[in-house]
Number of protein chains: 4
Amino acid sequence: MARGDVRDRTMDDGGRGPGGAGERREEPVRRRLLAEATRLFAAKGFENTSVQEIVSAAGVTKGAMYHYFDSKDDLLHEVYARVLRLQTDRLDRFADAPGPVADRVRAAAADVIVTTIENLDDFKIFFRSMHQLAPETQRSVRAERRRYHERFRDLIGEGRRTGVFRDDVPADLVVDYFFGSVHHLGTWFRPDGALSAREIGDHFAGLLLASLRP
Amino acid sequence: MARGDVRDRTMDDGGRGPGGAGERREEPVRRRLLAEATRLFAAKGFENTSVQEIVSAAGVTKGAMYHYFDSKDDLLHEVYARVLRLQTDRLDRFADAPGPVADRVRAAAADVIVTTIENLDDFKIFFRSMHQLAPETQRSVRAERRRYHERFRDLIGEGRRTGVFRDDVPADLVVDYFFGSVHHLGTWFRPDGALSAREIGDHFAGLLLASLRP
Amino acid sequence: MARGDVRDRTMDDGGRGPGGAGERREEPVRRRLLAEATRLFAAKGFENTSVQEIVSAAGVTKGAMYHYFDSKDDLLHEVYARVLRLQTDRLDRFADAPGPVADRVRAAAADVIVTTIENLDDFKIFFRSMHQLAPETQRSVRAERRRYHERFRDLIGEGRRTGVFRDDVPADLVVDYFFGSVHHLGTWFRPDGALSAREIGDHFAGLLLASLRP
Amino acid sequence: MARGDVRDRTMDDGGRGPGGAGERREEPVRRRLLAEATRLFAAKGFENTSVQEIVSAAGVTKGAMYHYFDSKDDLLHEVYARVLRLQTDRLDRFADAPGPVADRVRAAAADVIVTTIENLDDFKIFFRSMHQLAPETQRSVRAERRRYHERFRDLIGEGRRTGVFRDDVPADLVVDYFFGSVHHLGTWFRPDGALSAREIGDHFAGLLLASLRP
DNA sequence: AATGAATGAGGGTTCATTCAT
DNA sequence: GATGAATGAACCCTCATTCAT
């Protein structure tokens, strides 16, 4: 397994300049491979993107890719890991913030929209290609996804218990209802559309909150 | 092109009642191929299903499949055509019914949920594999899909104009919001779950209507 | 063998009108199939022409073709048979005519050019696709072709013996030399070119005769 | 495209003498593939030769072939490129030599016969399979072929202008006449025949020159 | 750390031919 | 005489992956 020790440094180099002290190199090849793979998977789908295309786009050869990643599947898995981490981190932040639960739900809901749009390539892949992963990997991704949804559901549950939200619709169902809209963004959102990510987030969060009024 | 004259008979038997003179089976091979393809595409994804698997499941050889369909893509396209026809027909029925607009929106919204669940295999494929179609086919499917959404949007627009619905959220956006939930059904719905299709439809329609209150 | 009794009537119906006495029908389907096959083989090559294309062009179905012909190869063979018969007949006529041998060679040589151009589709196929025939068929075609060449060679031999032609070049070689030019016509001749078939025939015959001067 | 950098080394080893430092074999697999393909195409025709046969004969797998060549068509194209290069180079050499034009035409004519016989497999393919190439490739091959013919025609034109050759037959037509004999060699020449390549070349060149006498 | 030639299994598709009707 | 659904074998090609260098 050549990956365990480098995986976590994919997305940031901490702002350290190249002249920093004796830090290990930041693996620009690995990063480039992941970026090109993400772009191509989102544009053409996982199955329609060949390893050759990815390595050519990244300016390296196949051997280099297989040095950094176990397989093509592994590349896809990396995209998922990044997406899941990002969403979980942000939801935790909003859920654990102080303030009334309605405000926290609204903020979290708007944020997941904005975040999704800002990383639309990654999310497109996430929502479209999960069934391509190996069954085992799929299970682990699903489990983490479920934990994320449960966190959101519990937040809504808190609002129901405190009488802020209606309680005649199961909280689970509300989560499935709302996250459908999130998944769907990849299908219709265009950067040059009439509304900004922020505006869409506010509208969607507004619709959610309105539908939860007792 | 050996198909033009048989394609349209997939879903109906031309109105002839049972017992009519032209009793012989209506292309059972073609129907079986389409049924097995639908099942497999939904279960394993379009790209992970080989033509060999489809024809084996249908109990015929590849040549038979290529007698009825131009390509594997064509099989996928047939699923789409069926889905689009079904949805369009039903939406028209509900939109054109008499009664207050709020009732019509609620009924149409609930119905699309129920219909989607009742044909979940077809819809799973529809929502997950569109990007596999040939670009040209993709355009035509998208165009028809857009018309469908516009029909729904106009219904909501009618409610806005008559003051029944709020007008501070664009009707287009509401449609994208709600149909996200519809698309998402394929991801989480299980026939053995706690709620029936009808109940889910009612809940989702209820959430939509609540979020549209002025 | 469904063909033996109809084969010879492919090219002419003897000028008899359709109201002739009790003659058997002239098989328009068979004729149409052969005509379309010839056209398509010449245009796209034997291997690139499918049976489906041929029968579609002729406005019938596969079953009809297999009623009149044993196989796709058989269609090709028919083209050959027609060409061989035509060439042989005409060469015999010119060779057996009265007059000096030089005149007869010149006339036969010019005629084979004109005849080839007038039936260029058939000859293109002949010169290009012989190796597609079944080995046995190929042998018989080659044998007949050889007889044809020998007839021509003997004519030249006659001129050599009588001192009209040079005798320092083997007559066989002269035949191979000249018929190369005939075969080649299919490659470069265009009906809208500067020279007519007649003119080309005269020029080529002239070149041949000139090269044979003692 | 994995070929650009190796293609040109097919026929020579870069001028390095044996015993040089860079001793390792120059793409023996590629060379073997091309040699076997040439042999099989000439023997059985392009369309009747499967990729499997070629790679089996060369002792490798299909993947290896597709590493060196883009397609089966590409193999054919390589044969053409080699033939065209060879012919063009040799014609240039003879045309640009010093001496009377009649001598140069005779030498060039005899040489094209000898060269064709010495590479008969390649030329058989060339003259028989051109119509199998992709239309675009076909155009480029035809264009190069035309330039070659024009070079030869200009040589004859020179003889006409200087009164050495007759001028009552178009030079273009003479070229088509003579090269027909060249193309035809593949049909009848057998290595164990009575005449050597050299003898045939001399005879054919003699016939050509004789026919051009004023 | 990186190369790229080679593998080998499988993919979609074509097509001449047959045969029950 | 003619149909056209169905066969079955072959075909060209793709691709993730490996491994000697």
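Proteins get letters first, then strands, A, B, ... in listed order; numbering begins at 1 in each. What you see below is based on every heavy atom in this structure, not just the backbone, and it leaves out hydrogens, waters and symmetry mates. Computed from a prediction, not measured in an experiment: that's the story for all the values here.
- For C:Thr61, the listed nucleotide lying nearest its side chain is F:dA2; candidates were F:dA2, E:dA2, F:dA5.
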Acceptor/donor pairs from residues 55-63 of chain A side chains to any protein atom, 3.5 angstrom cut, sequence neighbours excluded:
unit_1, atom_1, unit_2, atom_2, d
A:Ser56, OG, A:Gln52, O, 2.9
A:Ser56, OG, A:Gln52, NE2, 3.0

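- Residues passing the salt bridge (Lys or Arg N to Asp or Glu O under 4.0 Å) test with A:Glu36 are A:Arg39, sequence neighbours excluded.
- Along DNA chain F, the nucleotide closest to A:Gln52 and the one closest to D:Glu53 are compared, and the more 5′ of them pairs with D:Glu53.
- Looking at residues two or more places apart in sequence or on another chain, you find no ring pair (Phe, Tyr, Trp, His ring centres under 6.0 Å) involving B:Tyr66.
- Scanning for side-chain hydrogen bond (donor to acceptor under 3.5 Å, both in side chains) contacts around A:Asp121 gives an empty result, with sequence neighbours left out.
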Writing each nucleotide of DNA chain F 5' to 3' as (, ), [, ], | or . by Watson-Crick or G-U pairing under 3.5 Å yields .||||||||||||||||||||
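- To the nearest angstrom, C1' of F:dC12 lies 16 Å from CZ of D:Phe69.
- Rounded to whole Å, the distance from CG on A:Leu76 to P on F:dA16 is 13 Å.
- Rounded to a whole Å, the CG atom of C:Leu40 is 16 Å from the C1' atom of E:dA16.
- The phosphate of F:dG1 (OP1 or OP2) has a side-chain N or O of C:His67 nearer than 4.0 angstrom.
- Closest to the A:Ser50 side chain, of the nucleotides E:dC15, F:dA16, E:dA6, is F:dA16.
- For D:Phe41 and F:dC12, the CZ to C1' distance is 12 Å, given to the nearest whole Å.
- Contact check on A:Arg30 versus A:Glu78 returns a salt bridge, with a Lys/Arg side-chain nitrogen under 4.0 Å from an Asp/Glu carboxylate oxygen.
- No donor-acceptor pair closer than 3.5 Å links the side chain of B:Tyr80 to the backbone N or O of B:Asp122.
- With sequence neighbours excluded, the residues that form a side-chain hydrogen bond (donor to acceptor under 3.5 Å, both in side chains) with B:Asn48 are A:Gln132.
- Protein atom CD1 of A:Ile54 is 12 Å distant from nucleotide atom C1' of F:dC15, rounded to whole Å.
- With sequence neighbours left out, the salt bridge (Lys or Arg N to Asp or Glu O under 4.0 Å) criterion links B:Glu53 to B:Lys44.
- A:Glu47 places its CD atom 16 Å from the P atom of E:dG10, with the value rounded to the nearest Å.
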Can you name the atoms? Protein N/O to nucleotides 17-20 of chain F N/O, anything below 3.5 Å, with the distance.
unit_1, atom_1, unit_2, atom_2, d
F:dT17, OP2, A:Tyr66, OH, 2.8
F:dT17, OP2, A:Lys72, N, 3.0
F:dT17, O5', A:Tyr66, OH, 3.4
F:dT17, O4, A:Lys62, NZ, 3.0

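- Residue D:Phe46 contributes atom CZ, which lies 10 Å from atom C1' of F:dC12 at whole-angstrom precision.
- Between D:Val60 and B:Thr49, the one whose closest nucleotide on DNA chain E sits nearer the 5' end is D:Val60.
- Not a single donor-acceptor pair under 3.5 Å links the side chain of D:Lys124 to the backbone N or O of D:Phe41.
- Atom-to-atom, NZ of D:Lys44 to P of F:dA10 comes out at 12 Å; the value is rounded to the nearest Å.
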